[in-house]
Amino acid sequence: MMCGLEIHVQLATESKLFCSCPTNYQSAPANTNICPTCLNQPGAKPYPPNQTALDSAIKVALMLGCEISTDTVYFQRKHYDYPDLSSGYQRTSVPVGHHGELNGVRILEVHVEEDPGQYKPDLGTVDFNRSGIALIEIVTEPDMKSPEEARNFLNELIRVLNYSGSARGEGTMRADVNISIEGGKRAEVKNVNSIRGAYKVLKFELIRQKNVLRRGQTVQQETRAYLESQMITVPMRLKEDADDYRYIPDPDLPPLKFDPEHVKEIKEKMPEPAHLKTERFVEEYGILHDDAKVLTSELELADAFEEVCKKIKPEDAATWMRDELKRVLNYNKLAYSESGISTDNIIEILNLINDKKITPEAAHKLVEKMPNNSKTPTEIGKEMDVIGVADDDLIQKVVIQVIDENPEAVADYNEGKGNALNYLVGQVMRLTRGKANAKQANNMLKEQLDK
Ligand code: ZN
Ligand code: MN
């Protein structure tokens, strides 16, 4: 199969693209963030495009490895008739950037356009709060060869957008998914609003198109809709050509030319893109690629890792942050930035482990108490009574106690039941509050039982 994507995401600006209305369209009552311009009332003219939106688009294009357009950039009117679009045309720019690349997928171009309003066909109402919000559209070449590749690409793209700090992310994503297979024409599935949805669409279309060809019919060039609840696609209309949109330059908007100095400034200030950061972590810190990928999944987490590495061996930091910290963050559905866990906290708990002031088993429990806790790891550890490592004498004493108190498990062990030993080790760990080294407890138990 061949798959290309057109991805729309809202840019994080305070005001709309061509007027000063605010952009908090979800929290505002319907049709309150509006003015004559974004309602497209007769005679109302657009303001020049929002500078933040243009800068954001340049930044994202640069992060995707695009060349920024040195030609005149102007807005066109793309005509279509639908209740969410009161002007009858959408203002959409010619490419801001082109010829980028991400995850082995070529980026054809990046441009800016305005969001339409929200039409609710079941109620027959339109909310224009969203009308005129700035969107970025990213168009790829048809380089993805499987639903999995498309999913990986979208995950990576969302990571770039999150890093940029200039886009509203997956929650506002609407993707048009183009797919064809050998011997057939291309179908375009409109308005898929999640990565998971895009994956399902591709899985479905792959089977549908194969079946059409198998029956000796032809796959038509057409536009289809995705019915999320049923996870199928259905025909909408035969595919329109660019001609059908009757593109013309918008005479109300001045043509733009990007100052190369300004573009350079944006490039110098933009965050290092996630995929390049991953490679750098592998080289600079000598950590595993998989670890680097997890650590760069969030900019704040990646920054924290680099901070921790000033005090802790990178391998130790990477392993612990990936296995223990991420486990707790995922369990609590928290981003690192929302966890309240500082780099000092991380350094402290890693020092406790490295200095053998706490066992890995006890640290495993302690980290679960760290999110949004104003106490330091040492304070939490003292409260839980898990600071300290049991010495041989203490472990030996507890081993004998556990054997005494669990005759049934001992009998099971003597009959060769493997689980019995694990159970007894668990009892030693419990009685020592995790201060015993589990391996050592295991060995000492075995020694005592095999006597
Ligand atoms: Zn407005
Ligand atoms: Mn578009």
Side-chain angles (χ1 to χ4, degrees), residues 4-11 13-26 28-50 52-53 56-57 60-61 73-82 84-98 107-119 126-140 154 157 161 167-168 172-178 188-193 198 223 225-226 236 239-248 250 252-253:
L5 298 165
E6 293 162 32
I7 304 114
H8 299 84
V9 177
Q10 284 181 359
L11 292 169
T13 58
E14 294 281 315
S15 53
K16 294 184 180 181
L17 187 54
F18 301 117
C19 65
S20 57
C21 290
T23 54
N24 60 332
Y25 68 100
Q26 271 152 331
N31 291 312
T32 54
N33 290 350
I34 49 170
C35 72
T37 294
C38 58
L39 280 182
N40 298 295
Q41 289 182 351
K45 294 249 162 97
Y47 305 5
N50 183 313
T52 310
S56 298
V60 171
V73 173
Y74 55 93
F75 282 84
Q76 303 192 88
R77 293 178 173 182
K78 175 185 180 180
H79 295 84
Y80 67 91
D81 185 27
Y82 202 63
D84 62 4
L85 194 70
S86 50
S87 57
Y89 55 82
Q90 182 188 28
R91 295 186 190 90
T92 172
S93 82
V94 298
V96 166
H98 43 83
I107 309 288
L108 176 66
E109 57 133 309
V110 173
H111 65 257
V112 180
E113 55 190 38
E114 61 179 339
D115 215 350
Q118 285 173 297
Y119 173 48
V126 186
D127 176 2
F128 285 102
N129 282 352
R130 205 180 69 184
S131 170
I133 287 183
L135 297 179
I136 190 171
E137 178 170 344
I138 297 150
V139 184
T140 79
L154 283 170
L157 178 67
L161 294 171
R168 294 211 167 98
T172 68
M173 184 186 97
R174 268 159 289 151
D176 300 337
V177 179
N178 292 290
E188 175 175 18
V189 185
K190 284 274 182 196
N191 284 330
V192 182
N193 61 13
T223 301
Y226 173 50
M236 270 169 88
K239 174 76 183 158
E240 65 283 329
D241 286 317
D243 289 353
D244 299 331
Y245 287 124
R246 295 175 293 126
Y247 282 99
I248 55 161
D250 192 315
D252 288 337
L253 286 160

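Note that ligands are numbered from 1 as they come in the structure, with each ligand's atoms numbered from 1 the same way.
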K.L.:
Please report, to 10°, the angle around the Mn ion (ligand 2) from atom OE2 (E113) across to atom NE2 (H8).
P.N.:
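That angle works out to 80° after rounding to 10°.
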K.L.:
Nearest 0.5 Å, what's the CD-CG distance between E188 and L5?
P.N.:
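Between atom CD of E188 and atom CG of L5 there are 10.5 Å.
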K.L.:
Can you tell me how far CG of N191 sits from CE of M236, rounded to the nearest 0.5 angstrom?
P.N.:
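If I round to the nearest 0.5 Å, the distance is 7.0 Å.
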K.L.:
Counting N and O atoms only, with roles assigned by atom type, does the side chain of H79 sit under 3.5 Å from a partner on the main chain of Y245, one being a donor and the other an acceptor?
P.N.:
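Yes; at least one donor-acceptor contact below 3.5 Å.
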K.L.:
For the Mn ion (ligand 2), which N, O or S atom of E137 is at the shortest distance?
P.N.:
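So the atom name we want here is OE1.
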K.L.:
In degrees, rounded to 10 degrees, what angle do C38 atom SG and C21 atom SG make at the Zn ion (ligand 1)?
P.N.:
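Between SG of C38 and SG of C21, at the Zn ion (ligand 1), the angle is about 110°.
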K.L.:
What pair of heavy atoms forms the shortest contact from P22 to K16, and how long is it?
P.N.:
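Smallest heavy-atom distance, with atoms named: O-CE, 3.8 Å.
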